[in-house]
Amino acid sequence: MKANHFKYLGLLPLVASCGQGGETANQSQPLNLPKLPGAGKPRNVVFILADDHRYDFMGFTGRVPFLETPNMDRMAREGVYLRNTFVTTALSSPSRASILTGMYSHRHTVVDNAAPVPPDLIFFPQYMQKAGYRTAFFGKWHMGEETDEIRPGFDHWESFRGQGVYYNPTLNINGKQVEYGDSAYITDLLTEHAVEWMKQQKKEQPFFIYLSHKAVHDNFSPARRHAGCYANEKLPLPENFNSPHYGIKPLPSIDPKTGKAAAGTDYYGEEMRPDWVKAQRESWHGVDYAYHGREPWEANAIRYCETLRAVDESIGAVLQYLEEAGLAESTLVIYMGDNGFAWGEHGLIDKRQFYEESVRVPMLAYCPELSRGGKVIEQMVQNIDVAPTILEMAGLQKPAQMDGMSFAPLLEGKQTAWRDRIFYEYYWEYDFPQTPTMHGVRTDHYKLIRYHGVWDTNEFFDLKNDPYETRNLIAAPEHQETIKQLTGELYDWLESTDGMSIPLKRTDRPHGDHRNRGRY
């Protein structure tokens, strides 16, 4: 990485501590966690989070032929690629809360981007502080109110309000508002400050960094050095761009003896796809009226790729510093997206749905002491697993309230009992009513999605034979036993985790739909 990409270090000394002390007055349980049996020296950890980065938009996957991500490629080549990583809710605030708490959305109750953070929630860095770690947060918090206030668990704090801006941001740095000009670019700025903070740490004290990028969230704004670099490229259309199709297909012939459709025919008229998906194609989150027709969705997707370049360089800057400091072998670096993002799949853009492009995220890990040589992990990992994993790096046992599991044994290639299915939830949002509440379960073979509170069809996919989720088999006679079993498992999961009640959130503002502005 060229040093002149990061030129703002001299604008602010990184000195003062937040003074959080690891505990707040509203904690409902002690922060002292028992040590893991046989725990070794606490390991430094750097957790890098991107916003809206989908699982396959990395150079080495080949999904986008022109996309360049050399540092992500390196992490996959020399470290570990967790190929099947999922979020429990494909939306920023719920996912981020799950990362920090290790809990499902209905348990921590941050179910949308406006929901307040309960005061008694414990974030895993609080446990690390109590265990002697120095901790720091840089970047996008995006939970609860549109504030940048210091949150518990961090000795050093740098954040901004709400979604923030790409250029010339104002940061809350340990309680002081600092404005940046001179075309300061947020991805570079956060990376510079994170590296500088690491340089100031004492070698005898372990550290944890949470580097939380604004990128690659809309409105996509690449660093100036990358602006227009893909202007002449064309994003390949996904295989399911035209699924669902509009119009009713002719009914197949029915075998009079069995009463079933003749073999080889499609008996699911109009593909049995939910009406909300068809309607959303022409909405804010659809390819035919993307962002209310602001510009063609393809242009947004190209800028998304350009904006991602600086995130990749951020990873490179972190790895470069760790190598220069002699910390690269022992420090665990994790890169992850907070949720996926559809770019034309099923005619949609954005996230929220339980389709693969929305729920799957990139996850890469680099720590030569744990694993070398480009390992690919196939097991299904989720965002709720981040907190238990990082606590294990600190030599600490997982607290009882966490739903996730440590994937440290997977990184080390050890045999360990692991999940064979994941569960999903999303709750209807006041500001984005196009997408209904949904719950789902996914195995390596099948996916079931159940929609709540809307008159529509549920969905069931055979992922092995239909990886692009184009054929809804919810009415297929041969799958009814499997659908019944998965439905039972879904409700068992909700009952066992206190998820049978939807955590409603108070709203006191008028409807956000542009058609109703000025009417209420």
Side-chain angles (χ1 to χ4, degrees), residues 35-50 53 55-56 58-62 69-87 99 102 124 128 133 198 206-211 311-312 314-337 360-398 402 404-420 422 444:
K35 291 281 188 179
L36 285 167
K41 181 181 178 181
R43 191 179 298 281
N44 296 330
V45 180
V46 180
F47 179 70
I48 305 174
L49 185 70
H53 186 194
Y55 77 104
D56 54 354
M58 296 182 284
F60 69 90
T61 70
T69 58
N71 296 294
M72 297 179 197
D73 298 354
R74 178 194 170 188
M75 288 190 73
R77 183 176 63 252
E78 300 178 10
V80 180
Y81 172 36
L82 294 94
R83 196 175 72 85
N84 289 303
T85 301
F86 303 81
V87 294
I99 289 169
F124 76 83
M128 302 181 79
Y133 270 73
M198 285 191 288
F207 65 78
F208 167 71
I209 281 186
Y210 194 123
L211 177 53
V311 175
D312 184 76
S314 173
I315 295 171
V318 169
L319 294 177
Q320 179 180 320
Y321 166 72
L322 293 174
E323 289 172 350
E324 293 171 351
L327 300 172
E329 288 287 311
S330 60
T331 300
L332 174 61
V333 180
I334 299 175
Y335 173 73
M336 184 182 181
R360 291 180 69 176
V361 294
M363 181 177 276
L364 303 164
Y366 181 87
C367 181
E369 281 187 357
L370 292 178
S371 182
R372 296 179 185 270
K375 180 185 298 180
V376 178
I377 291 176
E378 299 290 346
Q379 286 95 330
M380 290 184 286
V381 172
Q382 292 195 277
N383 52 352
I384 54 174
D385 301 329
V386 171
T389 301
I390 294 178
L391 288 179
E392 182 167 338
M393 295 298 103
L396 302 175
Q397 293 186 20
K398 181 185 79 169
M402 289 188 177
M405 304 184 293
S406 169
F407 55 79
L410 301 181
L411 299 179
E412 299 178 69
K414 296 178 179 178
Q415 292 292 326
T416 184
W418 200 255
R419 65 173 65 90
D420 61 0
I422 62 164
D444 285 331

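Everything numeric here is computed off the predicted structure, so don't read it as measured data.
Residues R83 and R360 meet the side-chain proximity criterion, which asks for heavy atoms closer than 4.5 Å. Between M198 and L322 the shortest side-chain heavy-atom distance falls below 4.5 Å. Using a 4.5 Å cut-off on side-chain heavy atoms (C-beta onward), V46 and F207 make contact. Contact check for P388 versus M405: no side-chain heavy atoms found under the 4.5 Å cut-off. Residues L370 and M393 meet the side-chain proximity criterion, which asks for heavy atoms closer than 4.5 Å. Side-chain contact between M402 and I384 is absent, with no heavy-atom pair separated by less than 4.5 Å.
Nearest heavy atoms, L364 versus M72: CD1-O, 3.6 Å. The minimum heavy-atom distance linking V311 with A50 is given by the pair CG1-CB, 4.3 Å. Considering every non-hydrogen atom in both M363 and F407, the closest pair reads SD-CZ, 3.7 Å. Y81 and A76 make their closest contact through CB-CB, 4.2 Å (heavy atoms, listed as atom of the first residue, atom of the second, distance). The minimum heavy-atom distance between V333 and M75, with the atom names listed, is O-CE, 3.6 Å. Shown here for P368 and A328, the closest heavy-atom pair between the two residues is CD-O, 3.3 Å.
For the pair T85 (side chain) and V381 (backbone), a donor-acceptor distance under 3.5 Å is absent. Judged by distance alone, with hydrogens and angles left aside, the side-chain atoms of N71 form no donor-acceptor pair with the main-chain N or O of S314 at under 3.5 Å. Distance alone, capped at 3.5 Å, places no donor-acceptor pair between the N383 side chain and the I99 backbone. No side-chain donor-acceptor contact under 3.5 Å links N84 to the backbone of Q379. Listed for the Q397 side chain is a donor-acceptor partner under 3.5 Å among the backbone atoms of K35. With D385 contributing its side chain and G404 its backbone, the two residues share no donor-acceptor pair below 3.5 Å.
Ring centroid separation for the pair F124 and F208 comes in under the 6.0 Å cut-off.
Rounding to the nearest 0.5 Å places OG1 of T69 at 8.0 Å from CD1 of I315. Of the inter-residue distances, the one linking L410 atom CG with S371 atom OG reads 10.5 Å to the nearest 0.5 angstrom. Interatomic distance, R77 CZ to F60 CZ, rounded to the nearest 0.5 Å: 10.5 Å. Taking CG of L391 as the reference point, atom OH of Y133 lies at 9.0 Å (rounded to 0.5 Å). Remark: E392 CD to K398 NZ distance equals 11.0 Å, nearest 0.5 Å. For the atom pair OG1 of T389 and CG of L332, the computed distance is 8.5 Å after rounding to the nearest 0.5 Å.
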Check against side-chain contact (heavy atoms from CB on, under 4.5 Å), I209 and V318: CA-CA 11 Å; I209 281 186; V318 169; over 6 Å; no

Run the side-chain contact (heavy atoms from CB on, under 4.5 Å) check on M58 and D312 step by step: do they pass? CA-CA 9 Å; M58 296 182 284; D312 184 76; over 6 Å; no

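Under 4.0 Å is where a charged nitrogen must lie from a carboxylate oxygen, and between E323 and R74 at least one such pair does. Electrostatic pairing of E412 and K375 does not count as a salt bridge here, judged by no charged N lying under 4.0 Å from a carboxylate O.
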